[in-house]
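Structure first, commentary second.
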Amino acid sequence: NADGVDVRVCMSAAVCQQPPLGGGQQRRDVFEPFPDGVTVTRSSPDGRQVDDGFLTPGTDPKGQKTVEKNSAKVLSILNVLPRLNDLQSFKDNAELKKFLDSKDPLCFPLLRWIISSNQAHLSPLPKDLHFAEMKTAHQYVLCSSNPAREKSFRARRHEMARTQGGRGSFFAWHGSALGNWHSILRLGLKNYSNTKFMTTGAAYGPGIYLAKNSAVSVGYMKPGASWSQSAFGNGVLYMTCIALCEVIDTRGVKGSAIKVQPVGNTQYYIISDEDLVTTRFFFIYPSDVPAEIRASNHQAQLLGVEADTLKVPEKLYGL
């Protein structure tokens, strides 16, 4: 699935380039998980065998030794990789590794880590099932839960349907900065409010922020630079992304972990229980124009798509 791997590499390249927040704040580390265990052995100039990877030794202000993530080095190795379609001609991993080692010995283990560390199910949505309202050819089924969590999610949804009526769940949008999707694809949506990983604040309280109307989530779809070798475009590629999520509907239950916050004529959903949310569909908007221009285009493209009016192709994953 070269297309799915391309998306994964794009998101890993994007997190390497995630810009710092404004207002004089220090850069927040959203590169999680990080390929800290990816190393190779190289020969040093004096003939010694040394380990080489993506962690850089350093010293803190108190003189204590530290280890820092070298995101720039990760990006430099990713940009050495050829297009993924070009790699499909190799008959086996040994042949592929030999070729990638000629580029840089870190290429093969880094690519393997990007694939193996990603537990999400990500596959292209069949064209006959595309959401016409989303105005992009790049649409995917995205299930970020592992099998055990997905099984639990379905059991809770069934129980809510049995006790509260209806289908037991509803759909809502989640928009996020491009560099955040590296983590979301691996860990799912997390309640990072008031932690070092929070990137957009928590104006209406802690939780995962979703929206009924895509116009709200578009404001959180911060564009960014992606992988230069992606099949989505040539050279420096800009992207924005949005996900359609499924939420266990506990709104009618006393003490619900879902807070409904009116915003103009639509609503935010603030979900404090991570297990009530899972991603279902993923939409990518690639472009070769600068991020700030693309952002204004999306405001017009995706304005006013109500999640509860979409015809969701539930047969794809047994809803």
Restricting to non-hydrogen atoms, name the atom on [X] and the atom on [Y] that form the minimum distance, rounded to 0.1 Å.
X	Y	value
Ser12	Leu78	C-CD1, 4.0 Å
Asp249	Met160	O-CE, 3.1 Å
Ser169	Arg157	OG-CD, 3.5 Å
Ala307	Leu244	CB-CD1, 4.0 Å
Arg42	Pro105	NH1-CD, 3.5 Å
Phe31	Ser71	CD1-OG, 3.4 Å

Is it possible for you to say whether [X] and [Y] belong to one hydrophobic cluster, with membership spreading through side-chain heavy-atom contacts below 4.5 Å?
X	Y	value
Ile114	Val80	no
Val141	Met134	yes
Ile77	Val50	no
Phe54	Leu75	no

So, [X] side chain and [Y] main chain: donor-acceptor pair closer than 3.5 Å or not?
X	Y	result
Gln18	Ala14	no
Ser145	Arg149	no
Ser214	Val305	yes
Lys222	Ser176	no
Asp6	Ala231	yes
Gln64	Pro61	no
Ser117	Trp113	yes
Gln139	Phe131	yes
Thr279	Leu142	yes
His130	Leu125	yes

I'd like to know if [X] pairs up with [Y] as an ion pair, taking the criterion as any Lys NZ or Arg NE/NH1/NH2 lying under 4.0 Å from an Asp or Glu carboxylate oxygen.
X	Y	result
Arg156	Asp273	yes
Arg162	Glu159	yes
Arg8	Asp3	no
Glu68	Lys73	no

Geometric cation-pi criterion, Arg280 with Trp173: 6.0 Å, 45°: no

Could you check whether [Y] and [X] have their ring centres less than 6.0 Å apart?
X	Y	answer
Phe170	Tyr269	yes
His174	Tyr209	no
Tyr140	Phe283	no
Tyr285	His138	no

Verdict with reasoning, Asp36 to Lys69, per salt bridge (Lys or Arg N to Asp or Glu O under 4.0 Å): CA-CA 8 Å; Asp36 46 14; Lys69 299 174 182 178; over 6 Å; no

Non-neighbouring partners of Glu306 that pass side-chain hydrogen bond (donor to acceptor under 3.5 Å, both in side chains), sequence neighbours left out: Asn213

Between [atom1] of [X] and [atom2] of [Y], what distance do you get to the nearest 0.5 Å?
X	Y	atom1	atom2	value
Met221	Thr240	CE	OG1	4.0 Å
Glu246	Phe171	CD	CZ	4.5 Å
Lys190	Leu187	NZ	CG	6.0 Å
Trp181	Cys10	CH2	SG	14.5 Å
Ser226	Ile284	OG	CD1	8.5 Å
Ile184	Phe282	CD1	CZ	7.5 Å

side-chain contact (heavy atoms from CB on, under 4.5 Å) evaluation trace for Met239 with Met11: CA-CA 9 Å; Met239 281 183 169; Met11 299 311 155; 4.1 Å; yes

Are the side chains of [Y] and [X] in contact, using a 4.5 Å heavy-atom criterion?
X	Y	value
Phe153	Ile248	yes
Leu110	Pro35	yes
Gln261	Ile270	yes
Thr41	Asp52	no
Leu81	Cys107	yes
Leu55	Thr39	no
Tyr238	Leu178	no
Phe108	Val40	no

Residues, nucleotides or ligands: over 12 heavy atoms within 6.0 Å of Gln164 CD: yes

Flag for Ser256-Arg251: side-chain donor and acceptor within less than 3.5 Å: no

Donor-acceptor side-chain pairing of Asn70 and Thr56 below 3.5 angstrom: yes

Residue pair Leu210, Val247: steps toward the side-chain contact (heavy atoms from CB on, under 4.5 Å) verdict: CA-CA 10 Å; Leu210 306 178; Val247 186; 3.4 Å; yes

Side chain to side chain donor-acceptor pair (under 3.5 Å) assessment of Arg186 paired with His182: CA-CA 7 Å; Arg186 288 162 174 78; His182 167 87; 3.3 Å; yes

Stepwise side-chain contact (heavy atoms from CB on, under 4.5 Å) test for Glu150 and Cys143: CA-CA 8 Å; Glu150 176 69 17; Cys143 181; 3.4 Å; yes

Derivation of the side-chain contact (heavy atoms from CB on, under 4.5 Å) call for Thr278 and Ser144: CA-CA 7 Å; Thr278 190; Ser144 55; 4.2 Å; yes

